[in-house]
**Q** 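Before I ask anything, let me first share the structure, which is written out below as structure tokens.
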Amino acid sequence: MNEPATIAWDEGSGCIRYIDQTQLPGHFSVVECRTVDRLATAIRRLEIRGAPALGVAGAFGVALAAVICTKKDRAAFFSDIRRSGDLLASTRPTAINLSWGINRVLAAMEGADSVTGAQTVAVAEALAIAHEDDACCHAIGDYGAALLQASCTVLTHCNAGALASTAWGTALGVIRSAVGQGKDVRVIACETRPLLQGARLTAWELARDGIDVTVVTDSMAAHLMRAGEIDCVVVGADRITSDEVFNKIGTYMHAVCARHHGIPFYVAAPLSTFDSDHMGQDIIIEERARDEVATCGARTTVPDGVKVKNPAFDATPMGLVTAIITERGVLRPPIDMKGLNIHRPTT
Ligand code: MRU
């Protein structure tokens, strides 16, 4: 995708610049964010979304908090920054990358011997996280591309692309890399009710790259699999425990259908999405507002007083996953979390 990046640090003015994803595909607007409160609102509203992008947003958020903090006393300074980190971490509980990005910058800052030094370290560490995200996504793309046939149709769900990371994407990174290698890849993008990340965002960014994409409603996936129109499923992840993969609501349904039809089900995610400290049953699934389900544009689609559920994510048992594509290579379940030796910063 062309510049500007999904999310970036503006060195000149010391603010965060990001594409407001709630406006796509109708309007392309870039927001300059100068306060942590505004960033927290942007994350809650899904102006910034997608696990790797949330990791970068959390990291930039702590850097922003550090740069704008006027406290000179070390204890008071760190107390302010931790409060900002806690606020940002509370915005979306399921995607582990958010707290990972926050904690990594906080941990780096603790080594600094002055407030000014901590501010400098915060920006440098956040920029390193953004830079690494791009490298990780390209590595995931290259490992994943090898799994795709020379000519194939890939079903994906939600948006695990450039808009969900800094530039290349995870699931869509696999597709971009395969297309870059000359493979003939067609993409079926499930619209992803209720917020339509597939229809609005995946279709938008793939079409801009000239990649063949067709949007379907989520309920059409099983029909297409049965008709032999899908060769594999590739999705992203918000959190991976040793027993389950958490991703956008609807992912589990695709995994069940894929298994029934003998279709490979691949998850593409960086190691920062892995959670070796918890099992699936411990994970909080974010429940979002009623209106996201009960309205369509300005129209009410569910009668007043009727109950609505709106879990933003679901969990796919690891037994349904063919492979997880990471920046270190392709992992086949069962996943040996300890063997991966993932370092998670704690503060
Ligand atoms: O609620 P969202 O839009 O943040 O959900 C995003 C997803 O579920 C993505 O598939 C996931 O974050 C992986 S992005 C590389």
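Given the structure is predicted, the values throughout are model-derived calculations rather than measurements. Note that these values count all heavy atoms, side chains included, but never hydrogens, waters or copies made by symmetry. Every number for a ligand or one of its atoms is a count from 1 in the order of the listing.
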**Q** Can you name the residues that form a salt bridge (charged side-chain N to carboxylate O under 4.0 Å, His left out) with R45, not counting sequence neighbours?
**A** E47
**Q** State whether the side chain of T91 and the backbone N or O of L87 hold a donor-acceptor pair below 3.5 Å, judged by distance alone.
**A** no
**Q** Can you pull every nitrogen or oxygen pair between ligand 1 and the protein closer than 3.5 angstrom?
**A**
| unit_1 | atom_1 | unit_2 | atom_2 | d |
| --- | --- | --- | --- | --- |
| ligand 1 | 1 (O) | R92 | NH1 | 3.3 |
| ligand 1 | 1 (O) | R92 | NH2 | 2.8 |
| ligand 1 | 1 (O) | K248 | NZ | 2.7 |
| ligand 1 | 3 (O) | R49 | NE | 2.5 |
| ligand 1 | 3 (O) | R49 | NH2 | 3.4 |
| ligand 1 | 3 (O) | Q197 | NE2 | 2.9 |
| ligand 1 | 4 (O) | G50 | N | 3.1 |
| ligand 1 | 4 (O) | R92 | NH1 | 2.7 |
| ligand 1 | 8 (O) | D238 | OD1 | 2.9 |
| ligand 1 | 8 (O) | N247 | OD1 | 3.2 |
| ligand 1 | 8 (O) | K248 | N | 3.2 |
| ligand 1 | 10 (O) | N247 | OD1 | 2.7 |
| ligand 1 | 12 (O) | A51 | N | 2.8 |
| ligand 1 | 12 (O) | D238 | OD1 | 3.2 |
| ligand 1 | 12 (O) | D238 | OD2 | 2.9 |

**Q** Any carboxylate oxygen within less than 4.0 angstrom of a Lys/Arg side-chain nitrogen, looking at E110 and R82?
**A** yes
**Q** So, does T192 use its side chain to make a donor-acceptor pair with the main chain of H157 at under 3.5 Å?
**A** no
**Q** Looking only at side-chain N and O atoms, does T94 offer a donor or acceptor that is under 3.5 Å from a partner on D238?
**A** no
**Q** Is any side-chain N of the basic residue among R176 and E205 closer than 4.0 Å to the acidic one's carboxylate O?
**A** yes
